[in-house]
Each structure stands twice: as C-alpha cells, then as structure tokens.
Amino acid sequence: MADTIAIIGAGLIGRAWAIAFGRGGCNVRLFDPVEGVAVGAIELIRETVTEMSGHGLLNGQSPAVITARLSATASIADAVSGVVHVQENSPERPDVKTALFRELDKLVPASAVIASSTSAILPSVFTAHISTRDRCLVAHPLNPPHLIPAVEVVPAPWTSPETVARTRDLMRSIGQTPIIMKREIEGFLMNRLQGAILEECFRLVASGLVDPEDCDIGLRDGLALRWSFMGPFETSDLNAPGGIADYARRYEPGFAKQFESQKSRVAWSGEVLDKIQDYRRARVPLDAIADRQIWRDKRLMALAAHKKKAAAEIGE
C-alpha cells in the first residue's frame, strides 16, 4: 500500500513537494489555511506535470496518474489522518511554525515524522516544547524540489536517529537526494554554500573589481557547468594529476592568501545594492519576474532531462 503524505501549506513549495511525492508513488493530501488554495494547487500541479511529461520527468507515468494521487482537504486533521510523513510549508516565522507544530503534534499519528521546509529557522527554535519532539526535523529543499533533488535533513538536538533515517529513506524512495546534517547550524549546508558565493560577489562588485554581470557569467558560464554534475571535492580531485591531496598541496597557498582579503564583509545595501539592482532590473523588470520564474523552471526541466539522459548514456 502506498504511503500517505500530508502537505501543510499549498503554495509554491507545497505544490512542488506534492509533485515530488506524487511522482514517487505516494498518496498526497494538501491543506492550506486560505480557502480554495489547496484545490487550486491541484489544478496548477496538473499543468506542471503535463509539461514535465514532455521532458520525460514523470518516471514513465502519465500526468493523470500523478494528479490522481493528490487530494485537497478542508482541515489539518483530515490532511494528517493516518499519514507517515507531514511536510510543513508555512511562512518563515518562528512564532507561526511553533504554533503550527504544537497543533500538528496533537493531530499527527504518533508514528509519523513531522518535517519543516524552512530554509533558515533552526528546528530547535520551533520544536523545543513539542511533546514528541524526537520525531520533528527540517527537510529543506531547494526551490523547486520537483526539479532539484537535493534536500537537507536537519535534526534538532532531540531528533531521534530513527526519525533522520526514516526521512532519508523516504526522500530516496521518491527520487530526492538527501543531505544528512549531523546537527543543526545556521544556514544548514546549501545556504552556507550559496551565502559564501553571494558574499564574495557583493565584495567584488563593491570593490570595483567587476560588474554584477561578470559574477553571473563566472557562475553561469563557468563554474556551474562543472558543478551541475559534480561537486567541489570531485572537481578538485579531477583537477590535479595526483587527485585531491595533490590539488591541496598545489593550490592551498593561493587560496589561503586570497582568504585574507575575504575576511571583511560588505553590507548588502547602499551603493553596491543599487548597482546590482539596476543591473537586474535592466534585464528583468519587476513586473516580469513571474514570467522569468516560469522560464527558470522550463530551463530546469530541460536540464533535469539532459542529466537523466546523460547519466543513462555516460554514467553517474
């Protein structure tokens, strides 16, 4: 019998999670506190999976099969009845998540995991007073999770190893790629990596060394081409004849020297922000951002299809 998953909050992230779980063979119940949102989410999902089908991203299933696994519920209690996993997607506010997790703790079956999609709030902040807090954690995806498989599994200090293992196994079973954090830390893993890059880009632009476009080119047409199919350690391992140890011997002195100029922060405001803002608005006006997000997702679909094909033909 297929697992049943509850999606609490049927906005952008909730819809994407519903696709990921539905494509993975789970039955999915969606709840949103705003009337009509959960029902509307299923219609939006229908459009998305139809387009995904054209890229071969539904694991050989039809859009109708995926959407048949989805249902909208009128209450949280209906959504979580008998589920094995709850994926919470409420606003990024500690008070909202604390109140919601207290409510979920009373309603969710004792055997179910309660996971938050939060990208920035430590799980200990909103689960400290939960009576069964050992089954609570963060399962944070990159946006959108139905096209980007990585998901951070972040335990609070009291999260049980079994809860982490069950979440890891569930994510793998639906085609996601879990990152298992040993303990919680600000930014988790992905935002710490992303933040390090953004910090350096702001610093370079503020120093007058490059224009904002050059930073985008450096990632988009440079590093990201390799990083789209291998990580920084494998990249380094392949960039020296003797592997990663050889790379470290050759290049650590240079990186250590440049690190001295990376120790001071540049505020993300004022003149440097104005310059970056002007650069972005010249390319995409504010009223066109929604259209550009659709463009982004179409490009991600094409990239996901390419990676799937390349993995089959060339190997992982």
*Check: I5 and N27 side chains under 4.5 Å, non-hydrogen atoms*: no

_Within this structure, what is the OG1-CZ distance for the pair T4 and R29, rounded to the nearest 0.5 Å?_
5.0 Å

_Polar side-chain atom of S236 near backbone of Y247 as donor-acceptor pair, under 3.5 Å_ = no

*Straight-line distance of Q194 CD to F188 CZ, nearest 0.5 Å*: 13.5 Å

*Answer with yes or no whether the side chains of Q61 and R69 bring together a donor and an acceptor at under 3.5 Å.*
yes

*Considering all heavy atoms of both residues, which atom of A156 and which atom of P123 are nearest to each other, and what is their separation?*
N-CG, 3.8 Å

*Evaluate side-chain contact (heavy atoms from CB on, under 4.5 Å) for L198 paired with W268, printing each intermediate quantity in order.*
CA-CA 10 Å; L198 280 170; W268 296 11; 3.7 Å; yes

_Check ion pair K298-E51 (N to O, under 4.0 angstrom)_ = yes

*Would D95 and T98 count as a side-chain hydrogen bond (donor to acceptor under 3.5 Å, both in side chains) if you check the C-alpha gap in whole Å, the side-chain angles of each, and the deciding distance to 0.1 Å?*
CA-CA 5 Å; D95 58 329; T98 297; over 6 Å; no

*Within the side chain of R250, is there an N or O that forms a donor-acceptor pair under 3.5 Å with the backbone of A240?*
no

_Under 3.5 Å: donor-acceptor pair, side chain of E199, backbone of R265_ = no

*List the atom of V205, the atom of C215, and the distance in Å for their closest heavy-atom pair.*
CG2-SG, 4.1 Å

*Could you tell me whether the side chains of E162 and S160 share a donor-acceptor contact shorter than 3.5 Å?*
no

*Can you check whether V28 reaches W17 side chain to side chain, under 4.5 Å on heavy atoms?*
no

*L238 and E234, any side-chain heavy atoms less than 4.5 Å apart*: yes

*Pairing of E271 and K275 as salt bridge, 4.0 angstrom limit*: no

*asked:* Does any part of the side chain of W227, heavy atoms only, come nearer than 4.5 Å to the side chain of T235, both counted from C-beta?
replied: yes

*E152 and V138: CA distance, side-chain angles, deciding distance, side-chain contact (heavy atoms from CB on, under 4.5 Å) verdict*: CA-CA 7 Å; E152 299 172 308; V138 163; 5.7 Å; no

*Any sub-3.5 Å donor-acceptor pair from N191's side-chain atoms to G187's backbone N or O?*
no

*Indicate yes or no: at least one non-hydrogen side-chain atom of M301 is less than 4.5 angstrom from one of T48.*
yes

*Dump the intermediate steps for side-chain contact (heavy atoms from CB on, under 4.5 Å) on F31 and D78, then the final yes or no.*
CA-CA 9 Å; F31 170 79; D78 289 342; over 6 Å; no

*For the residue pair T127 and W158, confirm or rule out a side-chain donor-acceptor distance under 3.5 Å.*
yes

*Under 3.5 Å, is there a donor-acceptor pair between the side chain of Q87 and the main chain of G14?*
no

*Going only through I, L, V, M, F, W and Y residues with side-chain contacts under 4.5 Å, is there a path from L137 to I174?*
no

*Is any side-chain heavy atom of H140 closer than 4.5 Å to a side-chain heavy atom of T118?*
no

_Student check: side-chain heavy atoms of I179 and V151 closer than 4.5 Å_ = no

*Would you name the heavy atoms of R203 and S261 that are closest together and state the gap between them?*
CD-O, 3.6 Å

*What's the shortest heavy-atom distance between C136 and I130, and which atoms?*
SG-CG2, 4.1 Å

*Working for salt bridge (Lys or Arg N to Asp or Glu O under 4.0 Å), residues R283 and E213*: CA-CA 10 Å; R283 284 150 182 79; E213 183 177 14; 3.4 Å; yes

*Provide the closest heavy-atom pair for A139 versus P141 in the form atom of the first, atom of the second, distance.*
O-CD, 3.5 Å

*asked:* I'd like to know if K257 pairs up with E260 as an ion pair, taking the criterion as any Lys NZ or Arg NE/NH1/NH2 lying under 4.0 Å from an Asp or Glu carboxylate oxygen.
replied: no

*asked:* Quick check against the 3.5 Å criterion: does D214 have a side-chain atom that pairs as donor or acceptor with the backbone of D211?
replied: yes

*Distance-only polar pair, side chains of D274 and Q277, donor-acceptor under 3.5 Å*: no

*Does R220 CZ have over 12 foreign heavy atoms under 6.0 Å away?*
yes

*side-chain hydrogen bond (donor to acceptor under 3.5 Å, both in side chains) between S117 and E88, intermediate numbers included*: CA-CA 6 Å; S117 297; E88 170 271 322; over 6 Å; no

*Is the backbone N or O of D134 less than 3.5 Å from a side-chain atom of T159, with the two atoms forming a donor-acceptor pair by type?*
no

_Under a 3.5 Å distance rule, please check whether R133 uses its side chain to pair with a backbone N or O of A128 as donor and acceptor._
yes

_Let me check something: do I7 and L12 share a hydrophobic cluster, defined by ILVMFWY side-chain heavy atoms less than 4.5 Å apart, either directly or through other members?_
no

*For T50 and R46, indicate whether the former's side chain and the latter's backbone hold a donor-acceptor pair under 3.5 Å.*
yes

_Let me confirm one number: the CG-NZ distance from L303 to K308, rounded to the nearest 0.5 Å._
13.5 Å

*Rounded to the nearest 0.5 Å, what separation is found between the CD atom of E47 and the OG1 atom of T67?*
11.5 Å

_Test of understanding: clusters of I, L, V, M, F, W, Y form through side-chain heavy atoms closer than 4.5 Å, transitively. Do V125 and M181 belong to the same one?_
yes

*Say whether Y251 and N239, considering side chains only, have a donor N or O and an acceptor N or O under 3.5 Å apart.*
no

*Do the two ring centres, one from H129 and one from F101, sit under 6.0 Å apart?*
no

_Is there a continuous path of hydrophobic side-chain contacts, each under 4.5 Å between heavy atoms, that joins L107 to V113?_
no

*asked:* Testing the basics here: between A16 and P144, what is the closest heavy-atom pair and its distance to 0.1 Å?
replied: CB-CB, 4.1 Å

*Mind checking the CE-OG spacing from M230 to S228? Nearest 0.5 Å is all I need.*
9.0 Å

*asked:* Are the side chains of V80 and I114 in contact, using a 4.5 Å heavy-atom criterion?
replied: no

_Rounded distance (nearest 0.5 Å) linking atom CD1 of I8 with atom OG of S116_ = 11.5 Å

_What verdict does the side-chain contact (heavy atoms from CB on, under 4.5 Å) test give for I148 and N143, after you've listed the backbone C-alpha separation in whole Å, the side-chain angles of each residue and the deciding distance to 0.1 Å?_
CA-CA 7 Å; I148 302 178; N143 182 33; over 6 Å; no

_Heavy-atom neighbours of R93 CZ exceed 12 at 6.0 Å_ = no

*Is it true that L44 and F21 fall in one hydrophobic cluster, defined by side-chain heavy atoms closer than 4.5 Å?*
no

_I76 and its side chain to side chain contact (heavy atoms under 4.5 Å, CB included) partner, picked from D32, L104, V86_ = L104

*Might you confirm whether atom CD of Q258 has over 12 heavy atoms from other residues, nucleotides or ligands at distances under 6.0 Å?*
yes

*asked:* Atom CZ of residue position R183 - does it have more than 12 heavy atoms of other residues, nucleotides or ligands inside 6.0 Å?
replied: no

*asked:* Keeping R15 on the side-chain end and I42 on the backbone end, is there a donor-acceptor pair under 3.5 Å?
replied: no

*Among I66, D297, L147, side chain to side chain contact (heavy atoms under 4.5 Å, CB included) partner for M52*: L147

*With the threshold set at 4.0 Å, does a side-chain nitrogen-carboxylate oxygen contact exist between D105 and R135?*
yes

